[in-house]
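Remarks on the structure that follows.
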Number of protein chains: 2
Amino acid sequence: MDKQCKINAFRIGLAQFVTFEENEWEILSQHLSFSTLKKKEHFIVEGKVCDYMCFIARGGVRYYHIKDGQEITGYFSFENELMSAYKSFLKRTPNTNYIQAIEETELVMISHQNLQHMLNHPLLALKMERFGRLVAEHYICCYEDRVTAFITQSPEERYTMLEKTAKDIFQRIPQHFIANFLGITPVSLSRIRKRTLLQ
Amino acid sequence: MDKQCKINAFRIGLAQFVTFEENEWEILSQHLSFSTLKKKEHFIVEGKVCDYMCFIARGGVRYYHIKDGQEITGYFSFENELMSAYKSFLKRTPNTNYIQAIEETELVMISHQNLQHMLNHPLLALKMERFGRLVAEHYICCYEDRVTAFITQSPEERYTMLEKTAKDIFQRIPQHFIANFLGITPVSLSRIRKRTLLQ
DNA sequence: CGAAAACGTTAACAAAAGATAAGGATTTAA
DNA sequence: TTAAATCCTTATCTTTTGTTAACGTTTTCG
């Protein structure tokens, strides 16, 4: 996947939030960097401060915690989505989890420093603030739904819902990661699947 | 509680995100409105589009869903916090839950229309965008922690943690609301409390 | 290619949570 | 003030989940 192709994907992906004019894009694109993660390679590990927010041009990652020596996968991001250890990135605090590529993954990255630079750049500030706001607001809405699911639905209902709304990820992600994501154990998910099949 | 007192509380509360200069504040404060909710009065009900984002100058509210005729309380907000049905407010879609005062509650409110007006106001735009961004980012961090708790902790662990970090809300909120917030039934919370006391 | 690792299912048992109902204490409101 | 509503606890029973381990299959990688 060549650089120009990644940049294009990035620009299209951003259009969901803000559209940049040519002159703005000119500046912004000079503040990007690029990286590739091999499968199982980590984007960030516990204890490090996250220095980049990324756009996934290709591939996918999982977010996981380690608790009592066990990995617990809490989330996934795939191509055309943004990805970062937000809290660490935003607050400049050590990250408390891990982000790992589950496939070969191509990233377009903005360093924290470059982002600050753009937020202070007279020609870009307003649009970058808006971009940041809209991205954050978008994720708030996602989180709202996720928390609501934990509050109002049983694990079985959460599974059924996921199957309806994102069936494709079952082809792409090991089932025990999905179990974690639903807040249950892999064994329990296996049972739920059997139950819901029989009905 | 008089109006000036509410405005002051609001200004101090905002300082956590952005500080407004006198001339900016002059304009902003003309875009505010005020309201009082009596105990059990609703700020918003299911199906309505939320038109205000609020600052709670005094009092508190709970957010709840109705599922199978049952109320399930998912969150609380108290004085000096912001409060809104964010997703509905941001996306202009019908709200899917209820927000109800649990005490007599004093609000400072910004209507969606006034917010847009300020976001388009040349002297205020940048700061309002930043304000919106920082608020949203702040809530993302809160949500991140909340989801992590659901993923990595048992109900009992979530309860213990809550007792450590927010003991005060137990004096202020009926226990069955807290049970919902933890993702369990009131009966189950009562059992957990007994268990953890004995140990 | 072949050994090792990863993965999903199943079983058996223990632990926890849900559902329902009852009882007593407290609060609310007419 | 008194009846009604709210709230928390407890008990009982059912359902679900967690835990551990075993097994067969598939995938990974040297």
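Order of the sequence lines sets the chain letters (A, B, ...), proteins ahead of strands, with each chain counted from 1.
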Inset, instruction - Under 4.0 Å from any atom of DNA chain D, heavy atoms only: list the residues of residues 161-175 of chain B that qualify, in numerical order. - result: B:P174, B:Q175

Legend entry - Value in whole Å for how far the C1' atom of C:dT9 lies from NE2 of A:H176: 14 Å

Inset, instruction - Round to the nearest Å and state the distance from B:Q70 atom CD to D:dC7 atom C1'. - result: 15 Å

Inset, instruction - Examine distances only and state if a side-chain atom of B:E46 and a backbone atom of B:N97 form a donor-acceptor pair shorter than 3.5 Å. - result: no

Legend entry - Any donor-acceptor pair under 3.5 Å from A:E163 side chain to A:T160 backbone: no

Inset, instruction - Look at the rings of B:Y143 and A:Y143 and say which category their plane angle falls in: under 30° parallel, 30 to 60° tilted, over 60° perpendicular. - result: parallel

Inset, instruction - Please state whether the rings of A:F20 and A:W25 are parallel, tilted or perpendicular, taking 30° and 60° as the class boundaries. - result: tilted

Legend entry - B:H31 atom NE2: more than 12 heavy-atom contacts under 6.0 Å: yes

Inset, instruction - Would you indicate whether A:K48, at its atom NZ, is surrounded by more than 12 heavy atoms from other residues, nucleotides or ligands within a distance under 6.0 Å? - result: no

Inset, instruction - Describe the nucleic acid contact of B:K40 in one word from base, sugar-phosphate, nothing, applying a heavy-atom distance below 4.0 Å. - result: nothing

Legend entry - Within the 6.0 Å centroid threshold, strictly below: A:F76 and A:Y63: no

Inset, instruction - Run the ring-centre check on B:F89 versus B:H112 and record whether the distance is less than 6.0 Å. - result: yes

Legend entry - Contact under 4.0 Å: B:K39 side-chain N or O vs C:dT28 OP1/OP2: yes

Legend entry - Residue-level proximity of residues 182-192 of chain A to DNA chain C when a heavy atom falls under 4.0 Å: A:V187, A:S190, A:R191

